[in-house]
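Have a look at the structure below, then the notes.
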Amino acid sequence: MEKINLLIVDDKPENIVALEALIQRNDINLLSTTSPNAALKMCWEQDIPLALIDVQMPEMDGFELVEILKSNPRTREILVIFVTAISKESKYAVRGLTVGAVDYLYKPLEPTITTAKVDSFIQLVRSQREVKRKNVELELYQAELIKAKELAEQAKQVKERFLANMSHELRTPINGILGISHLLGESPLNEDQRKCVDLLKVSSEALLGVINDVLDISKIEAGKFRIIPTETNIKSLAKAVVDLLKFRADEKGIDLNLEFKGSIPKLVMTDSLRLNQILMNLLSNGIKFTAKGSVDLSVSVLELKDGEIQIEFAVKDSGIGIPKDRIDKIFESFEQAQEDTMHKYGGTGLGLSIVQQLAGLMGGRLHVDSEEGQGSTFTYTNWYQVVDSNVEEISAKPGISELAKFENVAVLVAEDNLVNQFMIRKVLQNWNLEVDVVDNGEKVLECLKQSHYDIVLMDTHMPVMGGFEATRRIRTEMLDGVKNIPIISLSAAVLEEEKQQAYDAGVDDIVTKPFDLSVLHQKIEMLVRKKVDA
Ligand code: ADP
């Protein structure tokens, strides 16, 4: 055990000898002096946590000595016990305590009391040292923790940046591939060529699906996923999802049915994008894992309470079903029900994990009932605030909506990727839009000064001048009439911050690449109409 230095200061050597004899022990190191000045020097130079100091000394009395000790940071912490003969007079006791002594010993010294006091103060010193040592250790740990946390945050940021960049890099070419295969599909083709084009479409859609899933999972894990409720027409949404997947069901020769049960209000508050994602996932799985029979989506009202409504979406299929012992597993990332699922049906095992987490984030519940060989029913139940309680008649029968042609609408497109330029020009021309395409923001500014356009579609990252900068300059530098031109940002961004940057720059809306053509059509229509109305 570490020895503790104890200093005795007394002007009479015989008192020192007597005290030393009384308190001599193995775990302390006794130091002594008859001179207060020498005592000060010792306290300065050595590590002395405890001192027994005589009060009456000729050179400097004990009170003065302690005052000096207490006034110096280096010696302030020393525990001082006064040894005094001027017993029991309270004014001395008070003075001693106010200058900073911790206790008194009265002469003639009583051996048991003296050793007991010294014992307890030695104990106190040891505890204080232990606390100090632990504190230093804690501070070290804390510093390490802070460093580790900083590193983890840095790594997280690097990962997010990497994902955002990768997604941009991957989505832009996929956008091109999907658009071109769509255009190719509409041109006259022989049967073999059509098959190739179809395969091209299926593969690029599958690739896009995987990229989106991986991004979603990472965003959910990073707590970056925001649920944004807007006024949503649930019936139209369900119908749009069924219409979109009808082709796939037809290809497999299975029925895809939609049924509405109860008075479903026209508008409720929910994040339509995420609801769409949940239904798309469940229905796609239903179709994928069903070889014959049907897949049915039913949307039912369960309960109505205080302006809120509980709605259940049930996707029931007559497919392969899920073994009992695998039912819990299928909601985990990268888990599939059987060893050979990937081989037979493809997929990554991410879909249901995302659906379950989305359902949770939106405050709802996901449930599955399944019988191997008989089929499965996945239900998603949630409460919604009702915005418009009227009931709209929407036919549950599938149908394909033709995208309407525009009349006299001129679009300026800024996009630097050649494939995307070609694709988007074709798509827009098919909608009867007048199209000019440029490849950077500076050219957008020039074109807007020279000709009339009704709307601008603006890519984000372009050489010379990017989309944000160009948008900002249109909004601040252009003449009235051009200044307010509707701008849609064509973005491959997945991070909210980047979307926010686009809005901050002044865009009216964002279409995420690869874009859904009907969404792009709808947004152009809405913004152009709004401008005319204004
Ligand atoms: P993926 O479909 O990409 O494999 P999911 O996370 O969507 O991934 O599904 C996980 C697994 O759950 C699937 O691989 C499949 O084994 C099982 N599964 C999901 N939906 C169904 C269904 N409707 N019928 C049978 N099995 C299903």
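If you read the sequence from its start, that first residue is 1, and numbering goes on from there. Given the structure is predicted, the values throughout are model-derived calculations rather than measurements. Atoms within a ligand are numbered from 1 in the order they appear, just like the ligands themselves.
For the side chain to side chain donor-acceptor pair (under 3.5 Å) test, residues two or more places apart in sequence or in another chain that qualify with Lys523 are Asp509.
Looking at Asp454 and Val411, their side chains never come closer than 4.5 Å, going by heavy atoms from C-beta outward. Between Tyr380 and Val355, the closest side-chain pair of non-hydrogen atoms is not below 4.5 Å.
Here the CD1-OG distance, from Ile327 to Ser370, works out to 5.0 Å after rounding to the nearest 0.5 Å.
Enumerated by chain and number, the residues approaching ligand 1 to less than 4.0 Å through a heavy atom are Asn285, Gly286, Lys288, Phe289, Asp317, Ile320, Gly321, Ile322, Ile330, Glu335, Gln336, Ala337, Thr341, Gly347, Thr348, Gly349, Leu350, Gly351, Leu352, Ser376, Phe378.
Every pair passing side chain to side chain donor-acceptor pair (under 3.5 Å) that includes a residue from residues 270-282 is listed here, sequence neighbours excluded: Asp216-Gln277, Arg274-Gln277. Residue pairs meeting the ring-ring contact (aromatic ring centres under 6.0 Å, His included) criterion with at least one member in residues 424-450, sequence neighbours excluded, are Trp431-His521.
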